[in-house]
Chemist: 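Sending over a structure as structure tokens; questions will come in a sec.
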Amino acid sequence: MATIVVEGGTRLEGKVRVSGAKNAALIAISAALLANGPVYLENVPRISDVLVMLSIVHDLGAGTEWESEDCVVIYPPDSPDFETPYEKVKQLRASNILLGPLLAKVGKAHIALPGGCNIGSRPMDLHIKGLGSLGAEISLQQGFIKAKANGLKGARIYLDFPSVGATENIMMAAVVAKGQTIIENAAKEPEIVDLANLLNAMGARVRGAGTDVIKVEGVAALSGVRYAIIPDRIEAGTFMVAAAATGGDVLVENVIPTHLEPVTAKLREANAEVIEQDDTIWVKSNKALRPIDIKTLPYPGFPTDMQSQMMAMLAVTPGTSIIVENVFENRMQVADELKRMGAKIKIQGRTAVIEGIPRLEGAQVRASDLRAGAALIVAGLLADGATEIDNVHYIDRGYENLEQKFRGIGARISRNE
Ligand code: UD1
């Protein structure tokens, strides 16, 4: 099994370019099924989650091909197959975002239920409630979510929690439903806005994405389009934290600075200098870092996907920092691995209390999920000696050329196949 080895003690310096957003690309590939012509998606990262999603839509009958290094074309079938088996869903939990487009296009979707997950139970109730309000009948049978609809009809839907996936599924079903759909307490993540922009470019009528209330007027059909995906704010945030934590000086390129405001604000609070320009963010850190408190929340709050990387930084920040995880109930496993590297962290429920120590010690550690893997790379940079990270397939799910990019800004990092 491959491992990543990081030799600690380097200060990151230079420029690094961020790839297209994993979560925006996944949802765009799913949404492409709605079109009646080819959908050209640009700025798509070649990461394993994207490759799995492409293979799923291929299995459903879509043609897929890479037009260039980062542009993928999806040729949606007139009548896609509607069943996604467990074998695929277990590789990509986000397969559930196919529910909306399949219901809209063929009136039927059978998606295997993902099993237990490392970062919490991830229920589907809000997806089911939302799609049910649009007229779908949904049941759980033999490990599948089975949905069918004989024509979808617009409705007013209130989400008890602003779930990203549920908001996306409802939007994608509503774009071709009859009449108006109103989603209240909708998720406001940049990936939601990106999906709305893509759908509108395909001929949909979606307004209000990025606010609490999204209004969708159903249209008869959607057309093919060429569309560039937004940059990955979590990848950008990972480099920002790594730069700040190593006392570095790094220009992060291809970013939308507003998407990173919660991360920028926390790094500034921690005493790093963060300079936002048009499509770059420059992180300079030459003063001692200060402890901070973080609460993860739906956007525009601090992203849960950046929590682990911050924990690695705070492990070597003098003083006591506190992280409260409010989005996923079981997302603190990285603390156990950081403790193997000498970190002083106490976890109680959703709260981590971190007592900063001067340096971590290199150790053999294991990534428990994608962001934990990224956090362990950051921790490796902050450790004396070598850190060997196991389970690197999690990292490959969501980061494109991560080792090369880190090497480009001075990290000593390599992969053992
Ligand atoms: C998406 C992102 C993920 C990110 C998360 C939160 C993708 C592919 N993944 O995941 O990287 O960490 O947003 O920003 O885009 N919930 C329910 N019932 C539901 C649905 C969700 O209770 O029907 C709960 C979940 O258990 C979780 C919370 O809502 O506690 C957030 O989940 P959600 O926003 O749906 O995240 P995902 O769309 O799965």
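Counting starts at 1 for both ligands and their atoms, following the listed order.
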Chemist: Run down the list Leu370, Ile97, Asn23 and name the one with the heavy atom closest to atom 2 (C) of ligand 1.
Modeler: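 The option holding the nearest heavy atom is Asn23.
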Chemist: State whether the shortest distance between N or O atoms of Leu126 and N or O atoms of ligand 1 falls below 3.5 angstrom.
Modeler: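 The answer is yes, given that Leu126 and ligand 1 share an N or O pair closer than 3.5 Å.
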Chemist: Would Arg331 and Glu325 pass as an ion pair if we require N to O under 4.0 Å?
Modeler: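 Here Arg331 does not pair with Glu325 in a salt bridge, since their nearest N and O are not under 4.0 Å apart.
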Chemist: If you measure every N or O of Gly165 against every N or O of ligand 1, does any of those distances drop under 3.5 Å?
Modeler: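 Between Gly165 and ligand 1, an N or O pair is found under 3.5 Å apart.
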Chemist: Residue-level breakdown please: for Thr304 versus ligand 1, do any non-hydrogen atoms fall below 4.0 Å on the side chain, on the backbone, on both, or on neither?
Modeler: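 For Thr304, the contact with ligand 1 is made by the side chain alone.
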Chemist: Quick check against the 3.5 Å criterion: does Ser285 have a side-chain atom that pairs as donor or acceptor with the backbone of Ala244?
Modeler: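 Yes; at least one donor-acceptor contact below 3.5 Å.
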Chemist: Do any nitrogen or oxygen atoms of Ser163 lie less than 3.5 angstrom from nitrogen or oxygen atoms of ligand 1?
Modeler: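 Looking only at distances, the answer is yes, because the N/O contact criterion of under 3.5 Å is met.
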Chemist: Between Glu184 and Arg156, is the closest basic N to carboxylate O distance under 4.0 Å?
Modeler: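 Salt bridge present between Arg156 and Glu184.
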Chemist: Quick one: does ligand 1 sit under 4.0 Å from the side chain of Val327, the backbone, both or neither, non-hydrogen atoms only?
Modeler: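 Looking at Val327 and ligand 1, atoms from backbone and side chain both fall under 4.0 Å.
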Chemist: Sorted by first residue and then second, give each side-chain hydrogen bond (donor to acceptor under 3.5 Å, both in side chains) pair with at least one member in residues 128-141; sequence neighbours left out.
Modeler: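 Matches after skipping sequence neighbours: Ser139-Gln141.
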Chemist: Output a table of donor-acceptor pairs, distance under 3.5 Å, between side-chain atoms of residues 234-243 and any protein atom two or more places apart or on a different chain; print 'none' if there are none.
Modeler:
residue, atom, partner, partner atom, Å
Glu235, OE1, Ser19, N, 3.0
Glu235, OE2, Lys405, NZ, 2.7
Thr238, OG1, Ile234, O, 2.7
Thr238, OG1, Gln309, NE2, 3.1
Thr238, OG1, Tyr399, OH, 2.8

Chemist: Has ligand 1 got any nitrogen or oxygen that is less than 3.5 angstrom from a nitrogen or oxygen of Pro123?
Modeler: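 There is such a contact, yes.
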Chemist: Answer yes or no: is there a donor N or O on one side and an acceptor on the other, between the side chain of Thr280 and the main chain of Glu276, under 3.5 Å?
Modeler: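 Not at all, since once roles are kept as given, no pair shorter than 3.5 Å links the two residues.
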Chemist: Please confirm whether His127 approaches ligand 1 to less than 4.0 Å, judged on its heavy atoms.
Modeler: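 The answer is yes, since His127 has a heavy atom less than 4.0 Å from ligand 1.
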Chemist: Taking 4.0 angstrom as the limit and counting only heavy atoms of Asp305, give me the atoms of ligand 1 inside it, by number and element.
Modeler: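 Those atoms are 3 (C), 4 (C), 11 (O), 12 (O).
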Chemist: Near Ala94, which atoms of ligand 1 are under 4.0 Å from a heavy atom of that residue?
Modeler: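 By the 4.0 Å cutoff, the relevant atoms are 8 (C).
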Chemist: Under the criterion side-chain contact (heavy atoms from CB on, under 4.5 Å), I'd like the reasoning laid out for Phe302 against Leu297: C-alpha separation, chi angles, the key distance, then a yes or no.
Modeler: CA-CA 6 Å; Phe302 190 88; Leu297 285 170; over 6 Å; no
Chemist: Just distances here: any N/O of Pro162 and N/O of ligand 1 closer than 3.5 Å?
Modeler: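 No.
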Chemist: Quick one: does Leu26's side chain get under 4.5 Å of Val50's, heavy atoms only?
Modeler: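 Yes. Closest side-chain heavy atoms under 4.5 Å.
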